[in-house]
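What follows is one structure encoded as structure tokens, with my remarks underneath.
Counting starts at 1 for both ligands and their atoms, following the listed order. Any value given below was found using the heavy atoms of this structure, including those in side chains, with hydrogens, waters and symmetry copies removed.
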Amino acid sequence: MELFYRSTRNENVMLTASEAILKGLSDEGGLFVPEYIPKLPVPLADLAGMDYQETAYVVMKQFLTDFTEEELRGCIRAAYDDKFDNEEIAPIAKVDGVYYLELFHGPTIAFKDMALSILPHLMTTAARKHHVTDEIVILTATSGDTGKAALAGFADVEGTRIIVFYPKGGVSDVQRLQMVTQKGDNTAVIAIHGNFDEAQSGVKKMFEDERLKAELQKAGFRFSSANSINIGRLVPQIVYYVHAYGCLLKHEEIQEGEAVNVVVPTGNFGNILAAYFAKQMGVPIAKLICASNENKVLFDFFETGTYDKNREFILTESPSMDILISSNLERLIYLISGRNEAKNRELMKELNENGRYGINGKMKAELSDFAAGYASADEMKKAIRDTYENTGYVMDTHTAVAAAVYEAYRRDSNDPAKTIIASTASPYKFAESVLNAIRPGEYEGQEGIALADELSRISGTEIPKAVEEIRNAEIRHTRECDAQEMEAAVKEILGLR
Ligand SMILES: *Cc1c(COP(=O)(O)O)cnc(C)c1O
């Protein structure tokens with residue numbers, strides 16, 4: 001049976017999966033949501049016998065019904081291969097009785113790889129299905145992790161180009177080096193003289209510019225987005241929650257049907273929404289615990305039922321969670337309103353105009369699957385230090401926010417359910433913050449890349465290939481521009497005029 005996708009803001013929109021992936025965002029600004037959430041097509045016990053790739057097929061086939069078996073298996077094979085430094089793709093580390101689901105074994109050592117290594121293949125397959133002959137130009141503004149993961153995913157993928165803008169001086173040492181050393185003839189990386197918001201606005205402006213769109217089309221190009229609102233990023237993220245449940249069964253850590261909690265360090269609400277979808281598919285998940293850093297707009301929302309972005313933006317040491325507009329929350333709002341697109345549209349309009357909205361009691365009651373917490377900088381650092389001292393395990397700053405939130409949750413709730421923590425980045429990506437949490441003050445002022453050996457020594461782990469590579473790699477991208485010149489830079493790269 002074909003599963004169609006609806007817009008959260010327009011009930012007349014109905015697309016197939018491949019159309020939704022190609023389009024990214026609905027014309028009126030809505031996000032695509034499947035008409036219903038399909039059930040797992042196999043008994044839970046079967047999950048224990050499946051490797052990551054097989055689980056990926058079984059889960060994704062339920063959502064991407066207009067992809068043939070051959071197409072989907074081809075995408076999965078191309079994505080989850082030896083680019084990952086662990087055969088299990090998303091291995092689980094049991095530390096102090098908690099399961100860390102390590103989502104950072106891909107080419108750029110952050111969880112964005114889990115989806116961005118397959119999105120390019122889904123997109124080019126979708127383009128072929130619809131006889132799109134234009135070259136697809138991916139435009140991305142990044143504050144660090146997404147840009148590199150998208151570059152790595154789209155590098156040398158036939159029929160695509162990728163152009164990434166990052167704020168000069170606004171990303172970590174390792175993040176910058178990862179991007180400017182990116183290989184691939186179809187890649188371009190540009191430092192803009194401005195902040196992330198300016199980069200983001202510049203990209204949005206190009207997406208909305210009809211004149212530019214026409215000009216591109218004449219030259220055989222079309223823009224697309226690798227942003228986390230694309231359903232082609234959400235669906236692959238459901239896989240690792242299903243697979244993790246199978247792994248725990250296989251290793252007899254849980255009984256069949258036993259419900260587990262999931263804790264997710266959250267920014268744009270994409271990763272935790274995938275866990276919610278896994279639960280709806282039938283994976284026995286008890287609580288979905290949403291962990292925020294000091295930008296705790298989501299914690300406040302779950303506490304009060306009011307989403308309010310009118311507050312100070314705080315720069316933290318978990319920068320990938322420094323977000324005040326969690327775009328994927330719109331999908332949850334739509335679902336808990338009973339798929340009422342008019343209600344959702346009204347709330348999103350309020351968010352747009354006043355920066356805040358409130359949900360009614362009935363909608364709030366639908367949120368009982370969720371718990372929420374937040375961690376201060378000190379709590380985050382304490383989680384890294386305590387876990388290291390007790391067990392030797394070293395986690396990154398984002399994962400540590402989740403670990404700190406979980407510890408407080410367990411203390412306050414006495415909830416005995418076994419718990420999975422989504423571990424979203426390798427500690428090597430934030431080595432300076434991680435080492436300073438373990439030995440306060442000792443590494444002050446040292447750059448992340450220079451601290452890889454020290455981190456390797458104290459954690460007893462190998463330096464990931466992704467870090468090894470950039471230590472001596474050739475710098476390939478040196479382009480810079482003002483925020484006002486972004487369009488001119490894109491045209492120059494594409495050889496227009
Ligand atoms: C993107 C990111 C997050 C936040 O994920 P969302 O899907 O935006 O909630 C958390 N940790 C790391 C390391 C990330 O890169």
*N or O pair under 3.5 Å between Phe430 and ligand 1*: no

*Please determine if Asp396 has a nitrogen or oxygen closer than 3.5 Å to a nitrogen or oxygen of ligand 1.*
no

Please list, in number order, the atoms of ligand 1 under 4.0 Å from a heavy atom of [X].
| X | result |
| --- | --- |
| Phe111 | 1 (C), 2 (C), 3 (C), 5 (O), 7 (O), 14 (C) |
| Asp145 | 13 (C), 14 (C), 15 (O) |
| Ala425 | 13 (C) |
| Thr266 | 9 (O) |
| Asn271 | 7 (O) |
| Lys112 | 1 (C), 2 (C), 3 (C), 14 (C), 15 (O) |
| Gly270 | 6 (P), 7 (O), 9 (O) |
| Pro265 | 4 (C), 10 (C) |

*Of the choices Cys290, Ser326, Ala422, Gly267, which has the non-hydrogen atom that lies closest to atom 9 (O) of ligand 1?*
Gly267

Side chain, backbone, both or neither: which part of [X] has a heavy atom under 4.0 Å from ligand 1?
| X | result |
| --- | --- |
| Phe269 | backbone |
| Thr424 | both |
| Lys429 | neither |

Mark yes or no for whether [X], through its side chain, and [Y], through its backbone, hold a donor-acceptor pair below 3.5 Å.
| X | Y | value |
| --- | --- | --- |
| Asn436 | Glu432 | yes |
| Tyr166 | Ala199 | no |
| Asn344 | Arg9 | no |

Presence of salt bridge, [Y] and [X], under 4.0 angstrom:
| X | Y | result |
| --- | --- | --- |
| Arg356 | Asp300 | no |
| Glu19 | Lys23 | no |
| Arg311 | Asp308 | no |

_Candidates Met179, Lys148, Gln175 - the one meeting side-chain contact (heavy atoms from CB on, under 4.5 Å) with Thr108_ = Lys148

*Is Ser224 close to Met123 at the side-chain level, that is, under 4.5 Å between some pair of heavy atoms?*
yes

